[in-house]
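Here the structure is laid out as structure tokens; the discussion comes afterwards.
We're numbering straight along the sequence, starting at 1.
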Amino acid sequence: MTYPELRQKIEQQLAQLPPEQLSLVSDFLDSLQSKSTMNQRPLRRLAPIKRGTKAGELLKFAGTWQGNDLEDCLGLVKETRSKAQF
């Protein structure tokens with residue numbers, strides 16, 4: 001559909017809408033315009049968060065699980081985590 005055809009179709013649809021639905025369309029268009037202005041703002045570059053711990057330092061804890069509830073903990077994680085969406 002070409003741009004003029006699309007505009008004509010939208011104008012015809014708008015002409016048939018009652019005032020309360022026109023208000024909803026106006027709100028929707030406002031939200032689209034505000035999103036486009038938000039996307040035009042430059043992103044600020046933030047400094048990385050430094051916590052003082054390196055991954056290598058965590059290796060000293062590898063294999064040190066204490067207790068007998070590891071299977072229960074893993075089951076809870078599997079039950080409550082959300083599915084990844086890409």
Side-chain angles (χ1 to χ4, degrees):
M1 183 174 288
T2 65
Y3 178 77
E5 292 171 337
L6 184 57
R7 280 197 70 102
Q8 183 179 13
K9 177 183 176 186
I10 292 171
E11 289 172 5
Q12 290 171 352
Q13 290 172 322
L14 289 174
Q16 297 174 1
L17 289 178
E20 59 274 359
Q21 289 183 338
L22 276 176
S23 177
L24 292 173
V25 171
S26 177
D27 291 343
F28 174 70
L29 292 174
D30 289 341
S31 72
L32 286 178
Q33 289 173 337
S34 69
K35 283 182 183 179
S36 69
T37 58
M38 288 177 65
N39 290 338
Q40 293 173 357
R41 282 191 255 158
L43 296 176
R44 292 185 313 157
R45 187 168 294 270
L46 300 175
I49 298 172
K50 296 180 181 177
R51 295 188 175 94
T53 303
K54 297 188 183 262
E57 295 173 0
L58 296 175
L59 287 176
K60 64 184 174 188
F61 298 106
T64 61
W65 181 267
Q66 295 181 4
N68 57 3
D69 60 344
L70 179 59
E71 291 300 322
D72 294 338
C73 289
L74 290 175
L76 178 65
V77 169
K78 288 177 183 177
E79 291 171 7
T80 58
R81 69 178 174 193
S82 60
K83 299 286 184 192
Q85 296 179 0
F86 299 98

I need the Leu76 CG to Arg81 CZ distance, nearest 0.5 Å.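 Leu76 atom CG to Arg81 atom CZ measures 11.5 Å (nearest 0.5 Å).
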Out of curiosity, Gln13 CD to Gln21 CD, how far, rounded to the nearest 0.5 Å?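 The CD atom of Gln13 sits 11.5 Å away from the CD atom of Gln21.
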Show the nearest heavy-atom pair for residues Ser31 and Ser34, with the distance to one decimal.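 Shortest heavy-atom contact: O-OG, 3.0 Å.
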Is the closest side-chain heavy-atom distance between Ser23 and Asp27 below 4.5 Å?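 Heavy-atom side-chain distance check passes, below 4.5 Å.
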Honestly curious: do Leu32 and Leu24 fall in one hydrophobic cluster under the side-chain, below-4.5 Å linking rule?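 No, no single cluster joins them.
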According to a hydrophobic-cluster definition based on side-chain heavy atoms being under 4.5 Å apart (Ile, Leu, Val, Met, Phe, Trp, Tyr only), do Tyr3 and Ile10 belong together?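 Tyr3 and Ile10: separate clusters.
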